[in-house]
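Worksheet: the structure to be examined is printed underneath.
Computation of the quantities below employed the complete heavy-atom set of this structure, encompassing side-chain atoms and omitting hydrogens, waters and symmetry-equivalent molecules. If you're wondering where the values come from, they're calculated on a predicted model, not measured in any experiment. Letters A, B, ... are given to chains in the order of the sequence lines, protein chains preceding strands, and every chain is numbered from 1.
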Number of protein chains: 2
Amino acid sequence: MSGPTVHDVARTAQVSLATVDRVLNNRGGVSSKAEAKVKAAVAQTGYVRNMAAANLSRRRVYRFCFVVPSGDTGFVALLQAALERERSRLVEEQILIQIIPTHAFDVAGQVAALRDLDCDAVAIMASEAPEIQEEVSRLRASGVRVVTLVADLPQSDREAYVGLDNVAAGRTAAEFMGRFLGASGEVLMIAGSLSSRDHNERLMGFRRVMQERFQHLTLLPAVEGNDDAQSVERLVAEASAARPLVGIYAIGAGNKGLVRAVQKADAKPVTIVHELTPTSRQGLRDGTIDLVLDQDTSAAVVAAVRIMRDLTEGREVSAETGKIRLNIFSRENIQ
Amino acid sequence: MSGPTVHDVARTAQVSLATVDRVLNNRGGVSSKAEAKVKAAVAQTGYVRNMAAANLSRRRVYRFCFVVPSGDTGFVALLQAALERERSRLVEEQILIQIIPTHAFDVAGQVAALRDLDCDAVAIMASEAPEIQEEVSRLRASGVRVVTLVADLPQSDREAYVGLDNVAAGRTAAEFMGRFLGASGEVLMIAGSLSSRDHNERLMGFRRVMQERFQHLTLLPAVEGNDDAQSVERLVAEASAARPLVGIYAIGAGNKGLVRAVQKADAKPVTIVHELTPTSRQGLRDGTIDLVLDQDTSAAVVAAVRIMRDLTEGREVSAETGKIRLNIFSRENIQ
DNA sequence: TGCAATTTGAGGTACGTCAATCAATTTGTT
DNA sequence: AACAAATTGATTGACGTACCTCAAATTGCA
């Protein structure tokens, strides 16, 4: 009922089990003739290694770390929750995941967290700072497989990125903004931080499509909300003081403030935000927010674990696996 | 390094290994006192069964079947491709998947396929016919776990559904249609089959939101395209003969015909279709199609396998797991 | 108290693979 | 031909669990 085993391979190759083992785990000391015989037998029998048995025998337990910003609201909270949800299932598959919370913009703390890591692979959501990239290199050099999560470090030695195509996200936001808005007017872009790569990429995509296709709309200079509700509220109020805004694209966190500001505004602008959190969900429901662009945290966690596992098991990883689909939520498709 | 084993449980419970085994696999013949001791020890040690070892020992191989419509184009082709892609990975985890192609509307053939199934669980994408529901009951009665895929059979004994919330998909389509269209005009809905549940649900959702929120648009009676390009092309041509259409919502397959018809039309209608296939992707790119609502086939396959595995391993399955997110594609977020 | 029924323990084999040892064989070199 | 080096085979003991047998201990009941 089960497939062919190493014994079958040994028999058809007419070599001993030891030789098959040497070839399969390339331990060396095998003549090219014998190696060819084994490989032929593998192909002929259709042998595939029983990973469960292999891991069992070598008493392998995968230890994966997630270095992610702490926080009990918004996106990071959802990410934590998704991690917790996955944990129990993964334990049964001998995969232990450890969550290492850091402070969002605390580079030193993040470096410290990365420094005393002890695991097979790590998924990192951290700032794009040279110190961190160095730490990534060090980790890789010491045999740890590194994956970036949500925020990429393309200059680093990371082996895969799990997250959105942020330029495409910005372009998409612009497209809907443009199509929802027939008349002309001013559109405000609020980033969390103007120095973070992912936010910049979203801005870039947004700007480009606005320029290419929707010239009836005027883009105000991007402002920095610092992922903080109060700042965001103030910024929106200031921007709409002179003349009402027709659209707002909010890239970072702090949507509570955004919602408050929009509710106070004279004319309701088309509002597009990122990440489906309780706040943005409520905003959709009551009409304050028109669209939420979301990267599914569960999908991100699952993809990250899958890639880390593929990497540690020596499988190839296609960039495709890490691509998280951009989910678009409106009031009609949240339940 | 690894977690506690049955030996640890036996030691802390102060019973023999045999007793632990009897409790864990409820073989009976254990006093309630001993059972309590074992359960306490499990809780105390944090023991979790090593599924890999368990399956190895009982030489378990999961055999999952996918009964899906055949076809080398469109959505079903994508589904087949996704299945093939998953296969190799799953083999290593001792999961064998068998794909059983059927003809799309051939109920008798589908029943026959279900009848001589030999597997632990099956994912079914088939018509909602009483014969099939009976067959599902029979399968369940004979111990096979049944999951519906893409097209649900809610009246049957299936244990889970993997796929879209089709009502929400229709509502979403309507929302975008309404918001893209400022001026009034006539909107055409083309279903594949008016007697298929999923298409009907989409229509229902679409109609409802149109009625609730976008009364400036007039809905023409839904027509049946039979998932066939020529029929679809003809239907669109006929509908726009009298007066140009301002919008088209195409629910089923046959988008090649839709694209041809739209390209010939005098005024370009806002066009929303389902499923991201090469045709619809091209339509987005050249502007014939405005939005594609897609259910990710890879995600569907992964979710189906996961649920089938959870079911056969006796884990609980939340309805959440089967929910496939609705992906919305526009020209700005396909690459 | 005696006897049967129930419960418990002890121990073994198997699953497929890894990892190691040691002896036996083949190969290459001079 | 002699010897070292390289290659191969045979064998063993894990890993954690399932499943089986048989004997020993405990319980219930008359």
Side-chain angles (χ1 to χ4, degrees), chain A residues 1-42 45-63 91-96 312-314, chain B residues 1-42 45-63 91-96 312-314:
Chain A
M1 201 80 293
S2 178
T5 74
V6 277
H7 294 84
D8 300 313
V9 174
R11 198 168 337 105
T12 58
Q14 309 208 29
V15 297
S16 74
L17 248 149
T19 301
V20 173
D21 177 62
R22 287 178 185 114
V23 174
L24 253 36
N25 300 294
N26 34 263
R27 301 187 205 281
V30 180
S31 67
S32 52
K33 204 172 112 193
E35 189 177 336
K37 276 204 287 183
V38 171
K39 285 187 173 165
V42 167
T45 57
Y47 168 80
V48 264
R49 169 190 261 118
N50 182 334
M51 263 300 170
N55 289 340
L56 176 62
S57 109
R58 59 155 75 107
R59 209 185 303 165
R60 188 148 193 20
V61 178
Y62 295 105
R63 284 146 66 238
V91 167
E92 289 190 15
E93 301 185 37
Q94 307 301 110
I95 297 176
L96 302 180
T312 50
E313 284 179 357
Chain B
M1 199 81 291
S2 178
T5 73
V6 277
H7 295 84
D8 301 312
V9 174
R11 199 169 335 108
T12 56
Q14 308 208 29
V15 297
S16 73
L17 220 76
T19 302
V20 173
D21 176 62
R22 289 191 257 258
V23 174
L24 255 35
N25 300 294
N26 34 262
R27 300 187 206 282
V30 181
S31 67
S32 52
K33 203 173 114 193
E35 188 177 337
K37 277 205 286 183
V38 171
K39 285 186 173 163
V42 167
T45 56
Y47 168 81
V48 262
R49 173 191 256 116
N50 183 334
M51 265 300 171
N55 289 340
L56 175 62
S57 115
R58 57 156 71 109
R59 211 187 289 153
R60 189 157 193 11
V61 177
Y62 295 107
R63 284 147 66 238
V91 168
E92 287 190 15
E93 301 185 37
Q94 306 301 113
I95 297 176
L96 302 180
T312 49
E313 284 179 358

request  = Counting heavy atoms from C-beta on, name the nucleotide in dT17(D), dT8(C), dG9(D) closest to the side chain of V15(A).
outcome  = dG9(D)
query = D21(B) near the nucleic acid: base, sugar-phosphate alone, or nothing, with a heavy-atom cut-off under 4.0 Å?
reply = base
ask   = Nearest to the side chain of R59(B), which nucleotide is it out of dA18(D), dC18(C), dG16(C)?
value = dG16(C)
key: Per S16(B) side chain, nearest of listed nucleotides dT8(D), dA10(C), dC15(C)   = dA10(C)
request  = List the atom of V9(A), the atom of Y47(A), and the distance in Å for their closest heavy-atom pair.
outcome  = CG2-CB, 3.5 Å
request  = Looking at every strand, decide which applies to A54(B) at a 4.0 Å heavy-atom threshold: base, sugar-phosphate, or nothing.
outcome  = sugar-phosphate
Residue whose nearest DNA chain D nucleotide is more 5′ - L17(A) or K33(A) = K33(A)
key: Listed nucleotide nearest any side-chain atom of R22(A), set dT8(D), dG9(C), dC19(D)   = dT8(D)
message = A side-chain contact here means heavy atoms from C-beta on lying under 4.5 Å apart; do E313(B) and N55(B) qualify?
response = yes
ask   = Would you say a side-chain N or O of R49(A) is under 4.0 Å from OP1 or OP2 of dC18(C)?
value = yes
request  = Choose from dT17(D), dT8(D), dA14(D) the nucleotide whose nearest atom is closest to any side-chain atom of S57(A).
outcome  = dA14(D)
ask   = Which one, dT17(C), dT8(D), dT17(D), comes nearest to the side chain of H7(A)?
value = dT17(C)
inquiry  = At 4.0 Å (heavy atoms only), tell me whether N25(B) reaches a base, stays on the sugar-phosphate, or touches nothing.
reply    = sugar-phosphate
